[in-house]
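The basis for the numbers below is simple: all heavy atoms, side chains too, and nothing from hydrogens, waters or symmetry mates. As the structure lists them, so they are numbered: ligands from 1, and atoms in each ligand from 1. Since we're looking at a predicted model, the values are computed, not measured.
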Amino acid sequence: MSAIDEQEIRAIVERVKSRLDASGNSGSGLAAQTELDEISDIELGDGIFRTINEAVEAATRAFNEYQRIGLGGRYAVVDAIRASMLEQAERLAQMAHQETGLGRPEDKVIKNRLVATKAPGPEDLEPTAVTGDAGMMVTEWAPFGVIGAITPTTNPTSTIINNTIAVVSAGNACVFNVHPNAKKVSAENVRLLNRAIVSAGGPPNLITAIPTPTIASAQELMHHPDVRVLLVTGGPGVVREALKTDKRAIAAGPGNPPAVVDETADIQNAARSIVAGASFDNNLICTDEKTTIVVESVADRLLQEMGRNGAYVLKEHELRKLERIIFNELGQPNKPGAINPKWIGQDAAAILAEIGVQVDRTEIRLVVAEVPNEHSLVWTEQMMPVMPVTRVQSIDRAIDLAVKSEHRFRHTASIHSTNVERITRMAVAMNCSIFVANGSNFSGLGEGGEGFTSFSIASPSGDGLTRPRTFSRERRVTVVGALRIV
Ligand code: NAD
């Protein structure tokens with residue numbers, strides 16, 4: 001499966017823009033023009049309902065209507081979503097940053113564009129046919145119905161866009177219970193998605209949400225009898241809750257991705273890739289590098305190159321100060337600590353300023369701290385641009401520490417090495433949904449790497465990078481003794 005190319009996307013944008021203008025239902029309507037600060041109450045309409053029950057009922061009606069527009073209609077709907085989200089990518093990124101106070105707006109734009117272009121569409125549902133002496137068998141991908149989706153504060157819009165493309169490509173409807181800290185931008189996102197869907201001939205309310213999501217409303221959604229499948233993206237708590245229900249749960253949980261660098265690596269490329277990857281949206285993405293494990297003989301060079309490529313390498317006394325700031329409680333050796341949420345998703349420059357180091361925000365994207373193997377930073381999903389670098393004697397020890405510090409989430413890991421045997425060995429040992437060699441981890445999401453993208457990587461439930469097939473029921477037709485035509 002290949003993503004649609006840039007030229008095709010531009011053509012779709014133009015087509016949908018003229019359709020939206022003609023219908024007077026432009027993506028930048030009244031609510032869309034309103035600045036976030038001015039949104040005091042989230043208005044109902046365009047997919048926003050007062051209660052979970054109303055949102056599920058409306059999505060159920062929309063699902064039934066959606067079945068009637070056929071596969072061609074589905075392609076048109078997904079094209080319109082891509083075009084509208086590309087047009088709104090920047091604005092939604094700014095709003096998400098403003099509301100959550102997390103990450104880097106310019107990186108959020110990249111995330112929105114990535115999902116709008118590289119999340120697979122209905123083409124993912126290619127049927128398969130087998131013929132033989134006994135006749136013919138065809139496998140097709142059928143929708144489930146209403147999907148209940150729970151989204152995180154770290155990637156609010158990119159997750160909603162990505163989940164929507166996957167779910168509606170497969171012919172389903174979706175009810176979102178978004179993170180309360182991103183409820184305004186998420187409501188705006190849901191509204192825009194609905195307008196795009198309707199502009200392409202899809203039913204209203206195929207995507208719904210409520211204005212004041214809470215943990216209680218998330219629980220209501222998870223247990224609603226008309227919700228067939230759950231899609232949860234977040235930390236360990238919500239994953240546990242979803243897996244406890246009696247529904248099929250597609251669970252995208254936490255990670256702690258280690259990046260191993262061995263003595264055969266192109267050290268400059270390794271340093272650049274890790275700085276770019278770990279600082280992407282201030283380390284908010286679950287796949288971003290969170291620990292660097294380097295073989296002793298190349299450790300000094302790696303640190304030097306990181307310093308030359310956008311990182312500030314802390315001195316020992318600065319690390320002590322930083323620990324007191326970013327941890328509420330430094331963990332025991334070989335255990336995660338309790339992160340101070342105030343610093344999650346903040347700029348490296350702001351974190352450094354707090355310990356008395358002034359740097360330029362655009363030049364320094366990452367703080368690097370050299371720490372021993374057992375230090376809490378190695379074992380914690382920090383979600384801020386502070387990268388621990390820890391030395392080991394050999395590649396064997398590096399892989400061993402990578403496996404242990406990833407806590408068997410089986411989420412994401414990477415290696416920088418030119419030795420194919422070592423790349424293979426680590427990939428096997430990590431057993432992760434995403435494994436990257438010689439690039440930033442965002443390449444594993446299709447940004448600067450091959451393949452489609454997903455912002456819900458469902459390792460706990462074994463679905464991996466979610467896509468339309470993930471939200472489909474596999475169905476078979478067998479015709480005995482006929483329809484083999486050769
Ligand atoms: P979070 O767990 O605090 O919240 C995620 C969502 O779950 C929110 O909508 C929240 O309201 C809801 N929620 C939380 N606890 C719940 C409960 N007990 N019952 C019902 N709903 C509940 O996570 P966050 O801070 O928004 O996001 C960061 C976490 O998500 C990190 O651990 C990150 O690794 C993970 N994440 C994973 C992926 C992936 O694809 N695997 C993608 C993004 C984020």
Side-chain angles (χ1 to χ4, degrees), residues 52 96 99-103 108 111 114-115 119 148-163 166 175-183 185-187 190 209-210 212-224 227 230-245 247 249-257 280-291 336 338-339 341-345 380-384 406-407 409-413 432-434 441-442 444-446 453-467 470:
I52 286 289
E99 184 173 7
T100 63
L102 306 176
K108 290 189 185 295
K111 286 164 45 170
L114 177 64
V115 289
I150 295 177
T151 54
T153 184
T154 45
N155 320 309
T157 57
S158 38
T159 307
I160 291 174
I161 300 167
N162 180 233
N163 289 173
V175 181
F176 281 102
N177 194 90
V178 304
H179 196 291
N181 294 351
K183 65 183 177 192
V185 66
S186 301
V190 166
I210 56 168
T212 44
T214 57
I215 299 282
S217 63
Q219 290 284 350
E220 198 185 334
L221 181 65
M222 284 195 217
H223 295 282
H224 196 291
V227 171
L230 301 175
L231 164 58
V232 304
T233 308
V238 69
V239 166
R240 224 177 4 254
E241 290 300 312
L243 293 174
K244 271 193 336 213
T245 67
K247 298 184 196 295
I250 296 152
N256 189 35
F280 189 50
D281 207 17
N282 285 343
N283 200 253
L284 284 178
I285 310 183
C286 52
T287 55
D288 285 343
E289 293 85 342
K290 302 231 167 2
T291 295
I339 284 290
K342 181 178 170 193
W343 297 105
I344 288 179
T380 308
E381 189 191 31
Q382 67 273 36
M383 311 212 89
M384 65 181 77
E406 208 262 337
H407 307 293
F409 289 133
R410 300 183 176 91
H411 194 300
T412 299
C432 282
S433 296
I434 300 180
N441 282 3
F442 52 65
L445 294 178
T453 201
S454 173
F455 269 61
S456 293
I457 296 126
S459 300
S461 56
D463 300 280
L465 284 88
T466 52
R467 57 198 294 185
T470 316

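- The closest non-hydrogen atom to atom 20 (C) of ligand 1, taken over M383, R240, M222, comes from M222.
- Contact atoms of ligand 1 toward P254: 32 (O), 34 (O) (distance under 4.0 Å to a heavy atom of the residue).
- Using a 4.0 Å cut-off to heavy atoms of G253, the atoms of ligand 1 that qualify are 37 (C), 38 (C), 39 (C), 41 (N).
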Exercise. Step by step, would you call N256 with T291 a side chain to side chain contact (heavy atoms under 4.5 Å, CB included)?
Worked result: CA-CA 7 Å; N256 189 35; T291 295; 4.2 Å; yes

For this session: Go through the steps for T453 and L445 under the test side chain to side chain contact (heavy atoms under 4.5 Å, CB included), then give the verdict.
Result: CA-CA 5 Å; T453 201; L445 294 178; 3.8 Å; yes

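- The two residues T412 and C432 come nearest to each other via the heavy atoms N-SG, 3.7 Å.
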For this session: With side chain to side chain donor-acceptor pair (under 3.5 Å) as the test, would you mind laying out the steps for N163 and S456 before giving the verdict?
Result: CA-CA 8 Å; N163 289 173; S456 293; 3.0 Å; yes

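- Residue I210 is tested with V178, L221, V190, N177 for a side chain to side chain contact (heavy atoms under 4.5 Å, CB included); the sole match is N177.
- Closest to atom 9 (O) of ligand 1, if we only count protein heavy atoms, is T151 O, 2.7 Å.
- Protein heavy atom nearest atom 34 (O) of ligand 1, with residue, atom name and distance: E381 OE2, 2.5 Å.
- Under a 4.0 Å criterion applied to the non-hydrogen atoms of H411, ligand 1 contributes the atoms 39 (C), 41 (N).
- Neither the backbone nor the side chain of I285 has any atom closer than 4.0 Å to an atom of ligand 1 (non-hydrogen atoms only).
- When T233, T100, I150 are ranked by how near their heavy atoms come to atom 5 (C) of ligand 1, first place goes to T233.
- When each atom of ligand 1 is checked for a heavy atom of A218 under 4.0 Å away, the hits are 20 (C), 21 (N).
- Heavy-atom contacts of T154 reach the following atoms of ligand 1: 27 (O), 28 (C), 44 (C) (cutoff under 4.0 Å).
- The backbone and the side chain of H179 each have at least one atom closer than 4.0 Å to an atom of ligand 1 (non-hydrogen atoms only).
- Annotation: atom 25 (O) of ligand 1 to nearest protein heavy atom, T153 CG2, 3.8 Å.
- Residue contact check: N155 has heavy atoms under 4.0 Å from atoms 43 (C) of ligand 1.
- In this structure, atom 40 (O) of ligand 1 lies nearest to the protein heavy atom I457 N, 2.6 Å.
- In terms of polar-atom proximity, Q219 is counted as a contact of ligand 1, with an N or O under 3.5 Å from an N or O of the ligand.
- Of all atoms in ligand 1, listed by their number and element, those nearer than 4.0 Å to a heavy atom of V178 are 9 (O).
- Across every non-hydrogen atom of E381 and P254, the tightest pair is OE1-CB, 3.7 Å.
- For the pair G253 and V239, the tightest heavy-atom approach, listed with the atom from each and the gap, is CA-CG2, 3.6 Å.
- Annotation for A458 and I250: closest pair CB-CG2, 3.7 Å, computed over non-hydrogen atoms.
- Among all heavy-atom pairs drawn from L243 and A251, the shortest one is CD2-CB, 4.2 Å.
- N441 has its side chain out of reach of F280: every pair of non-hydrogen atoms, C-beta onward, lies at least 4.5 Å apart.
- The shortest N or O to N or O distance between G235 and ligand 1 is below 3.5 Å.
- When hydrogens are left out, the protein atom nearest atom 16 (C) of ligand 1 is I215 CD1, 3.4 Å; that is the closest non-hydrogen contact.
- Counting heavy atoms closer than 4.0 Å to ligand 1, residue S459 contributes nothing at all.
- Close approach of ligand 1 to P180 is summarised as follows: ligand atoms under 4.0 Å from at least one heavy atom of the residue are 11 (O).
- At a 4.0 Å heavy-atom cut-off, ligand 1 does not touch V232 at all.
- Note that OG of S433 and NE2 of H411 are 7.0 Å apart. Values are rounded to the nearest 0.5 Å.
- Between M383 and K290, the closest side-chain pair of non-hydrogen atoms falls below 4.5 Å.
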